[in-house]
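Step one of this worksheet: look at the structure below.
Naming: A, B, ... by sequence-line order, numbering from 1 per chain.
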2 protein chains.
Amino acid sequence: MLSTEQIINTMSSQGLRITDQRKTLARLFAESPGYLTPKDVYEYMGKTYSGLSFDTVYRNLRVMQDLGVLEQVIFEDGVKFRAHCSEDHHHHHMICLKCQKTYPIVFCPMQLADAPEQFQVVDHKFEVFGYCKDCAEYAPAKVSTGHSHDHGKH
Amino acid sequence: MLSTEQIINTMSSQGLRITDQRKTLARLFAESPGYLTPKDVYEYMGKTYSGLSFDTVYRNLRVMQDLGVLEQVIFEDGVKFRAHCSEDHHHHHMICLKCQKTYPIVFCPMQLADAPEQFQVVDHKFEVFGYCKDCAEYAPAKVSTGHSHDHGKH
DNA sequence: TTTAGTGCAAAGTTTTTGCACGGTA
DNA sequence: TACCGTGCAAAAACTTTGCACTAAA
């Protein structure tokens, strides 16, 4: 993942002004292992900046995503952000349902999924959800209670 | 995909009452090749049921999803629904960005993605986005204009 | 000094909830 | 008849926009 400095340098070099708030944002994302909701960010930032408003958080998240320093992922329960991967090569993620830490998967299934009948592939998504070794204890019992933790089959 | 009758039978056998509106809903989803937003459904249903309210649409979508006759997919631009696949075996989807028709992919990458460091896999998502042969003409030019049609890399 | 960033207020979207009436089983 | 499904109204949750002031460069 990108470091605080990498995030700030990118923003600066793209002409954005480096405010205190943006420095804190950069540090927050550089040091957060998992995904953060806009609300998470708002609450964390609010501890330091008393008059903080939600729209500024949204604006900065949007700007940082457009710049490529943050990446947005849409979960079943809403939109979340994290620092962009610093790895150059294409890869996918395993995402822990408890701590939301991500682990890279170098393997890409697209090489193997033969596109049927002239389907022109533009993009693809491959994500694995589960519990990392630190969170294995939180894994639900074998018998599922219903639709919980169902992050989209098929 | 499930047929109108299969949808209605399932709902009925689960104790739901079969109203006119639900019959129409069942037919709509059984005959729609692509994904529908709640708004799409509301607008279509509104043509027949003048006093229709949005909350009823949401309630029925929710109920039908809980029952398993509909499946919900979260796109970058919002939540969408379609009739549940009738195929029994596990599979994935290619989704056309223009007409939203889906094509099954029997290949499942999970067999090949070796889970690293004791990661306990619960679920996975593999989706391919692009243009089907009928919509190839709508595919954007080679040089991308920016973040459009980026349905989440990695 | 110039212009981008911020807080504030308000509005726009999307989704949910409570209640009373009407229709299904 | 009993109770679920519906419309209506309102609220809740989430996100965006306009404006004036402040601060970065």
Nearest-angstrom distance from the residue atom [atom1] of [X] to [atom2] of [N]:
{"X": "B:D77", "N": "C:dT14", "atom1": "CG", "atom2": "P", "value": "10 Å"}
{"X": "A:Q14", "N": "C:dT3", "atom1": "CD", "atom2": "P", "value": "20 Å"}
{"X": "A:D66", "N": "C:dA4", "atom1": "CG", "atom2": "P", "value": "16 Å"}
{"X": "B:Q21", "N": "C:dT24", "atom1": "CD", "atom2": "P", "value": "11 Å"}
{"X": "A:R62", "N": "D:dT17", "atom1": "CZ", "atom2": "P", "value": "7 Å"}
{"X": "B:L52", "N": "C:dG23", "atom1": "CG", "atom2": "P", "value": "16 Å"}
{"X": "B:D40", "N": "C:dT15", "atom1": "CG", "atom2": "C1'", "value": "16 Å"}
{"X": "B:D20", "N": "C:dA25", "atom1": "CG", "atom2": "C1'", "value": "14 Å"}

Ignoring hydrogens and angles, tell me if any N or O in the side chain of [X] forms a donor-acceptor pair with the backbone of [Y] under 3.5 Å.
{"X": "B:N9", "Y": "B:Q6", "value": "no"}
{"X": "A:H91", "Y": "A:H89", "value": "yes"}
{"X": "A:Y49", "Y": "A:D20", "value": "yes"}

Handout entry: Ring-face cation contact, B:F75 with B:K80, 6.0 Å cut, 45° max
Key = yes
Exercise for the section: Classify the ring geometry between A:F54 and A:Y42 as parallel (under 30°), tilted (30 to 60°) or perpendicular (over 60°). Expected result: parallel
Handout entry: Among D:dT15, C:dT15, C:dT6, the one nearest B:V79 by side-chain distance
Key = C:dT15
Exercise for the section: Have a look at B:T19 and say if it touches a base, only the backbone sugar-phosphate, or nothing, with a 4.0 Å heavy-atom cut-off. Expected result: sugar-phosphate
Practice task
Identify whether any heavy atom of A:R59 sits under 4.0 Å from a base atom; if not, whether one sits that close to sugar-phosphate; answer base, sugar-phosphate or nothing.
Solution key: base
Practice task
Given salt bridge (charged side-chain N to carboxylate O under 4.0 Å, His left out), test A:R62 with A:D66 step by step and report yes or no.
Solution key: CA-CA 6 Å; A:R62 169 72 57 92; A:D66 287 347; 5.3 Å; no
Output a table of nitrogen or oxygen pairs between the protein and nucleotides 9-14 of chain D separated by less than 3.5 Å.
unit_1, atom_1, unit_2, atom_2, d
D:dA9, N6, B:D55, OD2, 3.2

Practice task
Kindly say if A:T56 contacts the phosphate of C:dG5, meaning a side-chain N or O under 4.0 Å from OP1 or OP2.
Solution key: no
Handout entry: Near-ring test A:H124/B:H92, centroid separation under 6.0 angstrom
Key = no
Fill in the blank from the handout: DNA chain D nearest-nucleotide lookup for B:S53 and B:R17: closer to the 5′ end is B:R17
Practice task
Could you pick out which residue, B:I18 or A:S50, lies toward the 5' side of DNA chain C when each is mapped onto its nearest nucleotide?
Solution key: A:S50
